[in-house]
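Contents: one structure, followed by commentary.
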Amino acid sequence: MRRKVQNKVTGFPATDGAGVKLVRVLGHGTVKEFDPILMLDSFDSQNPEDYTAGFPMHPHRGIETVSYVYKGKMKHKDSLGFEDTVDDGEVQWMTAGSGILHEEQLPPSERLLGVQLWLNLPADKKMVEPEYHSIKNNQIQEIPFEGGKLRLLAGDYEEYKGFQGKYSPLNYYDIELEPNSKIEIKTGSEDSIMLFTLLSGVSVEGERIEEKTAAKLTEGSSVTIESGAEKAKVLFIGSKTLNEGISWGGPIVMNTEAELKQAFIELRNGTFIKK
């Protein structure tokens, strides 16, 4: 059975961090339908004044952040002692787990274009040890097909294998379609599948998904994605629904209000970082 569009959410301008202008697509109002994707922010600017203020040091617990920098740079520094920079086409994957402090700096570039996802960690993995990974270009396979190419950012695609998340299974593809082209992707029938149109729009079973829009798809064993008259870039995100309680306060996402309250108590008394 072919998947169709179940729901579409178009992003809106927002400001976060120390004054970074971005497009906020998913958030508090979409967590149930897009589970386990909590948040999706898109960055797209050719004006460094929109983003160089960056995201100063701040805490996270209970989630993983996955940042795809298609164009531009992102510099990471955290309480684990890691410092790293990802460049055009690379990915940062951070497991906040029991608690981490980190900052993200966005140096000036010709264009900043990318996406950050927040993945909810399962209840029994909320307090795992924090980790940081960067997925460099030499670890990302580029798979050509008639009418375009697919970059395997994480997970599996057909017989290909990319970076594997330890706690949140994720198939994450950057799909580039030439004008009037298409790709069919086989999917697990019960997988949660969403698309995000990073550049230009695409169609699924005749329904148009405009640029900077997240589309949750119906259940099914495959999806066919088609471009129109313009070249398109669409992100495919396949995950497993958690169906768990969510208590979300700022940068911390737990399962209960008691857990959330405890996290903020620990932030105030200096016991937030466990190792």
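In this text, all values refer to a predicted model and were calculated from it rather than measured experimentally. Sequence positions, counted from 1, serve as the residue numbers for this chain.
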| request: Given side-chain hydrogen bond (donor to acceptor under 3.5 Å, both in side chains), test Glu211 with Ser200 step by step and report yes or no. | output: CA-CA 5 Å; Glu211 184 174 308; Ser200 190; 5.3 Å; no

| task | Sequence neighbours left out, what pairs pass salt bridge (charged side-chain N to carboxylate O under 4.0 Å, His left out) with at least one residue falling in residues 17-31? | result | Asp16-Arg24, Lys21-Asp50, Arg24-Asp41

| request: Kindly state each residue pair satisfying salt bridge (charged side-chain N to carboxylate O under 4.0 Å, His left out) with at least one member in residues 226-242, sequence neighbours excluded. | output: Asp174-Lys233, Glu176-Lys231, Glu176-Lys233, Glu178-Lys231, Asp191-Lys240

| query | Going through the distances and angles, do Gln92 and Ser134 end up as a side-chain hydrogen bond (donor to acceptor under 3.5 Å, both in side chains)? | reply | CA-CA 5 Å; Gln92 287 184 348; Ser134 58; over 6 Å; no

| request: Considering only NZ, NE, NH1 and NH2 on the basic side and carboxylate oxygens on the acidic side, decide whether Lys8 and Glu207 come within less than 4.0 Å. | output: yes

| query | Side-chain contact, heavy-atom cut-off 4.5 Å: Leu40 with Met194? | reply | yes

| request: Verify, without hydrogens or angle tests, whether Ser222 (side chain) and Lys186 (backbone) share a donor-acceptor contact under 3.5 angstrom. | output: no

| Quick check: does any side chain N or O of Gln141 sit under 3.5 Å from a backbone N or O of Lys161, one acting as donor and the other as acceptor? | yes

| task | For Thr52, enumerate each residue passing the side-chain hydrogen bond (donor to acceptor under 3.5 Å, both in side chains) test, keeping only those at least two apart in sequence or located in another chain. | result | none

| task | Considering only NZ, NE, NH1 and NH2 on the basic side and carboxylate oxygens on the acidic side, decide whether Asp87 and Lys71 come within less than 4.0 Å. | result | no

| request: Kindly say whether Asn269 contributes a backbone atom to a donor-acceptor pair with the side chain of Thr271 at under 3.5 angstrom? | output: no

| Transitively linked via ILVMFWY side-chain contacts under 4.5 Å: Val115 with Ile135? | yes

| request: Taking the side chain as every heavy atom from C-beta outward, state whether Ile225 and Leu177 have any atom pair closer than 4.5 Å. | output: yes

| Check ion pair Lys212-Glu210 (N to O, under 4.0 angstrom) | no

| Should Leu26 and Leu117 be regarded as members of a common hydrophobic cluster, given that ILVMFWY residues are connected when their side-chain heavy atoms come within less than 4.5 Å of each other, either directly or indirectly? | yes

| note | The complete set of ring pair (Phe, Tyr, Trp, His ring centres under 6.0 Å) pairs with one or both residues in residues 215-238, sequence neighbours excluded, reads Tyr173-Phe236

| Donor-acceptor pair, side chain of Gln6 and main chain of Lys216, under 3.5 angstrom | no

| field | Passing candidate, side chain to side chain contact (heavy atoms under 4.5 Å, CB included) with Leu195, options Val204, Ile237, Leu235 | value | Val204

| Are the side chains of Tyr157 and Ile175 in touch, meaning some heavy atoms are under 4.5 Å apart? | no

| salt bridge (charged side-chain N to carboxylate O under 4.0 Å, His left out) between Arg61 and Glu266, intermediate numbers included | CA-CA 11 Å; Arg61 177 179 285 180; Glu266 292 175 11; 2.7 Å; yes

| query | With a 4.5 Å limit on heavy-atom distance, are the side chains of Asp44 and Leu112 in contact? | reply | no

| Going by distance alone, is a donor N or O of one side chain under 3.5 Å from an acceptor N or O of the other, for Asn243 and Lys32? | no

| field | Any Thr218 side-chain heavy atom under 4.5 Å of Glu205 side chain | value | no

| message | Restricting to salt bridge (Lys or Arg N to Asp or Glu O under 4.0 Å), what partner residues turn up for Lys4, sequence neighbours left out? | response | none

| message | Among residues at least two apart in sequence or on other chains, which ones pass side-chain contact (heavy atoms from CB on, under 4.5 Å) with Thr256? | response | Ala258, Glu259

| query | Can you find a pair of side-chain heavy atoms, one from Val23 and one from Phe12, that are under 4.5 Å apart? | reply | no

| said: If you count heavy atoms of other groups shown closer than 6.0 angstrom to NZ of Lys261, is the number above 12? | reply: no

| said: Quick one about Gln116 and Ser67 (side-chain donor to acceptor, distance below 3.5 Å, no hydrogens or angles considered), yes or no? | reply: yes

| Atom CD of Gln164: over 12 foreign heavy atoms under 6.0 Å | yes

| task | Please assess Ser45 against Asn47 for the test side-chain hydrogen bond (donor to acceptor under 3.5 Å, both in side chains), listing each intermediate value before the final yes or no. | result | CA-CA 5 Å; Ser45 177; Asn47 180 7; 5.6 Å; no

| query | For the residue pair Ala215 and Val5, what are the closest heavy atoms and their distance? | reply | CB-CG1, 4.4 Å

| note | Shortest non-hydrogen pair, Ala232 vs Gly201, comes out as CB-O, 3.7 Å

| message | If hydrophobic clusters are built from ILVMFWY residues whose side chains come within less than 4.5 Å, do Leu113 and Ile140 share one? | response | yes

| field | Residues Lys75 and Glu103 bridged, charged N to O under 4.0 Å | value | no

| Where at least one partner belongs to residues 137-153, residue pairs that pass salt bridge (charged side-chain N to carboxylate O under 4.0 Å, His left out), sequence neighbours excluded | Glu142-Lys149, Glu142-Arg151

| Do the non-hydrogen side-chain atoms of Met254 and Met127 ever get within less than 4.5 Å of each other? | yes

| note | So ring pair (Phe, Tyr, Trp, His ring centres under 6.0 Å) across residues 248-275, not counting sequence neighbours, yields His28-Trp248, Trp118-Trp248

| query | What's the verdict on salt bridge (charged side-chain N to carboxylate O under 4.0 Å, His left out) for Lys136 and Asp84, showing C-alpha distance, side-chain angles and the deciding distance? | reply | CA-CA 11 Å; Lys136 303 295 189 181; Asp84 185 47; 3.3 Å; yes

| request: Applying salt bridge (Lys or Arg N to Asp or Glu O under 4.0 Å), name anything that partners Glu219, two or more places apart in sequence or on another chain. | output: none

| request: Please check if the side chain of Ser227 supplies one atom and the backbone of Val202 the other of a donor-acceptor pair under 3.5 Å. | output: no

| task | Please go through Ile265's hydrophobic cluster and name the other residues, only I, L, V, M, F, W, Y counting, with side-chain heavy atoms under 4.5 Å joining them. | result | none

| said: Tell me if a side-chain donor or acceptor on Thr197 pairs with a main-chain N or O of Thr213 at a distance below 3.5 Å. | reply: yes

| message | For Thr95, is there any backbone N or O sitting under 3.5 Å from a side-chain donor or acceptor partner on Glu64? | response | no

| When hydrophobic residues are tied together by side-chain contacts of less than 4.5 Å, even through go-betweens, does Ile246 share a cluster with Leu260? | no

| Whichever hydrophobic residues join Val128 through chains of side-chain contacts under 4.5 Å | Leu121, Tyr167

| said: Given Leu119, which partner from the list Ile63, Val66, Leu38, Leu242 fulfils the side chain to side chain contact (heavy atoms under 4.5 Å, CB included) test? | reply: Val66

| query | Should Asp88 and Lys73 count as an ion pair when the cut-off is N to O under 4.0 Å? | reply | no

| Does any N or O in the side chain of Thr187 come within less than 3.5 Å of the main-chain N or O of Ser189, such that one atom is a donor and the other an acceptor? | no

| note | Residue pairs passing the ring pair (Phe, Tyr, Trp, His ring centres under 6.0 Å) test with at least one member in residues 93-112, sequence neighbours excluded, are His58-His102, His60-His102, His76-His102, Trp93-Phe163

| message | Using side-chain heavy atoms (C-beta onward) and a distance below 4.5 Å, is Thr15 in contact with Val20? | response | no

| field | hydrophobic_cluster_shared for Leu198 and Ile37, side chain cutoff 4.5 Å | value | yes

| request: Taking Arg3 for its side chain and Gly220 for its backbone only, find out whether a donor-acceptor pair lies under 3.5 Å. | output: yes

